[in-house]
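Working notes, beginning with the structure itself.
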Amino acid sequence: MNQVKSPAKSDSKASLEAHNFLKLIIEKDIEAQKNKGQVVTRFPPEPNGYLHLGHAKSICLNFGLARDFSGRCHLRFDDTNPETEDIEYVESIKADVKWLGFDWHEHLYFASDYFQQLYDWAELLIQKNKAYVCSLNEEELRRYRGDFTTPGQDSPYRSRSVEENLDLFRRMKAGEFNEGDHVLRAKIDMKSPNMNMRDPLLYRIRKVPHHRTGNKWCLYPMYDYAHPLSDAIEQVTHSICTLEFQDHRPFYDWCIENLPTQGQPKQYEFARMNMTYLVMSKRKLLQLVKEKLVIGWDDPRMPTISGIRRRGYTPEAIHSFTKRIGVSKAESVIDFEILESCVRDDLDSVAHRAMAVLKPIKVVIENLPHGHEEEIQAAVHPKKPELGKRTLYFTKEVYIDAADFMENPDSDFFRLSPGQEVRLRNAYVIKCKEVIKDSTGQIIELRCEYDHVTLGGKPTADGRKIKGVIHWVSATKCVEAEIRLYGRLFKVAEPEKVEEGQDFKSNLNPSSLRVVKKAKLEISLKSAQLDLRYQFERVGYFCLDSKDSKSEALVFNMTVDLQSGY
Ligand code: ATP
Ligand code: MG
């Protein structure tokens, strides 16, 4: 589990497409004409939270295999736990799958649609003497079950007659008993070395309304019973899940073997995806939301699909990421930087270029007349002339970033400093003549002169070399915006590794959000669009915040910084 997969910088793109062992299994099945050569997969979330990057991997895998083998993939909600489930989650999950570019067409299903069938099959198991009503309480159930080293013991209720079982089970359904009075169990083998085969629970009484079936049922099937049978009802061929279900597979097969299902699905397991600096569990993410440690499920720092979407990640980046990490049975932790590098690769090709100054210092260009306003055309994308040009305004007052000026520069500093020259990107070379400070010694403005022959990258007349290029924004023709800069949500690579008595929340990074209130942006960004991505040159990739940005008060999120060392 501690193997960390890091970005392989020198690898070519093709060799980065990693191995997917499930593809090989399916290819063989098709060759052998298993399931008449058909491939049906499903993505089966429980609607008890928002989806995260681990689910994105599972979605790309299941829908991707169906697409690659001309099959189909169902979206099925495994909604067997009415206490924790909600319609809000159902809707968010649908939106997330769509955003990733997949379509379930007419194959949207809910395990709750099968409650009647599942119930009828439970009666059938009773009739076949393969299930019984057990009246042990929770504590006794646990004790009778034994553990890894101790075999289980038969429940004293195991020998109830078929008639008594049927009668009790029907009365459980009719609501005659309280929660915990009875459960229905499969009759398999209390001595099995596999705990999951020690007469697992099939049904329990829960007197809570369900988000879809309301008060119709007070008896709900267990996930391990509902899941294989739902797969079988839908005639799923390859039921792909994560490794923790490996030991559940014998019971999965038991359900299919003992009931007259149409389909004969087979379960295959792959390793869950874990990533450095993140937690990947709905339950833990829910804690962050409930305890208001983040602003919501779609907080741009969250590893939820709605969070990364708001942050500006693209579906294309997620696809190339899942391809790159592959599918295997070996547990590993993926370096978060692999994902970031996929995001950068994609954004580099689509993001519109613009300039923004996050920490402005004013520069007054002394050899320009008052009110000077020169229009300069700059490419929207350096490699995509079809995206056209944007207009910059070169004016007497401009802003540059405080980090691009040093009063007493080091020898390797090639940006602006007193007496030195630098090129303003897309515009002219300027030279710093004077530094103006207030009474406290704070720099308030720089007095500069520009060299009029150097527009748009042209050389100086006397062949002087200008090493540095910095970004800038007109001070009189610009737009202000709030910029939200994000760091890692957790300050350590493995946030779930904690000392006794601590929990993962103690590893939250207190400076994961930094807000710049009045950044200065080039005027073209006044009409920035929600569905576009922007590269603020020399800073990073940004997008409008889908919730908080207004046309009169723009808010941008930083999606990812540029590769360090521009
Ligand atoms: P969580 O532990 O976050 O609640 P889960 O597995 O309980 O996740 P489900 O809604 O049951 O969530 O999962 C739907 C599908 O997504 C399952 O097939 C599950 O195996 C898969 N999945 C969940 N987490 C990951 C992950 N980290 N990597 C790969 N697949 C995952
Ligand atoms: Mg779950």
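In what follows, every heavy atom counts, from backbone to side chain, and hydrogens, waters and symmetry copies are set aside. Both counts, for ligands and for their atoms, begin at 1 and track the order of listing. No experiment lies behind these values; they were computed from the predicted model shown.
- Among Met273, Glu46, Arg272, Glu269, the residue whose heavy atom lies closest to atom 24 (N) of ligand 1 is Arg272.
- For CD of Glu499, the number of neighbouring non-hydrogen atoms (other residues, nucleotides, ligands) closer than 6.0 Å is 12 at most.
- A side-chain N or O of Tyr252 and one of Asp231 form a donor-acceptor pair less than 3.5 Å apart.
- Outside the 6.0 Å centre-distance limit, the rings of Tyr268 and Phe21 are not counted as a close aromatic pair.
- When each atom of ligand 1 is checked for a heavy atom of Ser281 under 4.0 Å away, the hits are 3 (O).
- Between Glu244 and ligand 1, no pair of N/O atoms sits closer than 3.5 Å.
- Ion pair Asp299/Arg484 not flagged as a salt bridge, since none of the NZ, NE, NH1 or NH2 atoms sits closer than 4.0 Å to an Asp/Glu carboxylate oxygen.
- Residue contact check: Phe43 has heavy atoms under 4.0 Å from atoms 14 (C), 15 (C), 16 (O) of ligand 1.
- Judged by a 6.0 Å distance limit and a 45° cone about the ring axis, Lys173 is positioned over the six-membered ring of Tyr119.
- Residue contacts with ligand 1: Pro45 is placed with no nitrogen or oxygen under 3.5 Å of a nitrogen or oxygen of the ligand (distance criterion only).
- Within the 4.0 Å heavy-atom shell around ligand 1 one finds His52.
- Every heavy atom of Phe245 sits 4.0 Å or more from the atoms of ligand 1.
- When each atom of ligand 1 is checked for a heavy atom of Pro44 under 4.0 Å away, the hits are 14 (C), 18 (O).
- Checked against His319 for a ring-ring contact (aromatic ring centres under 6.0 Å, His included), the options Trp99, Phe102, Tyr313 give a single hit: Phe102.
- Considering only non-hydrogen atoms, atom 30 (N) of ligand 1 lies nearest to Gly54 out of Pro47, Gly54, Ser239.
- Residues Phe556 and Phe542 keep their aromatic ring centres 6.0 Å or farther apart.
- The shortest heavy-atom distance from His55 to ligand 1 is under 4.0 Å.
- The N/O atoms of Lys57, backbone and side chain alike, include none that comes under 3.5 Å of an N/O atom in ligand 1.
- Of all the atoms in ligand 1, the ones that sit under 4.0 Å from a non-hydrogen atom of Phe270 are 29 (C), 30 (N).
- Geometric assessment of Arg488 against the ring of Phe336 yields a negative cation-pi assignment under the 6.0 Å and 45° thresholds.
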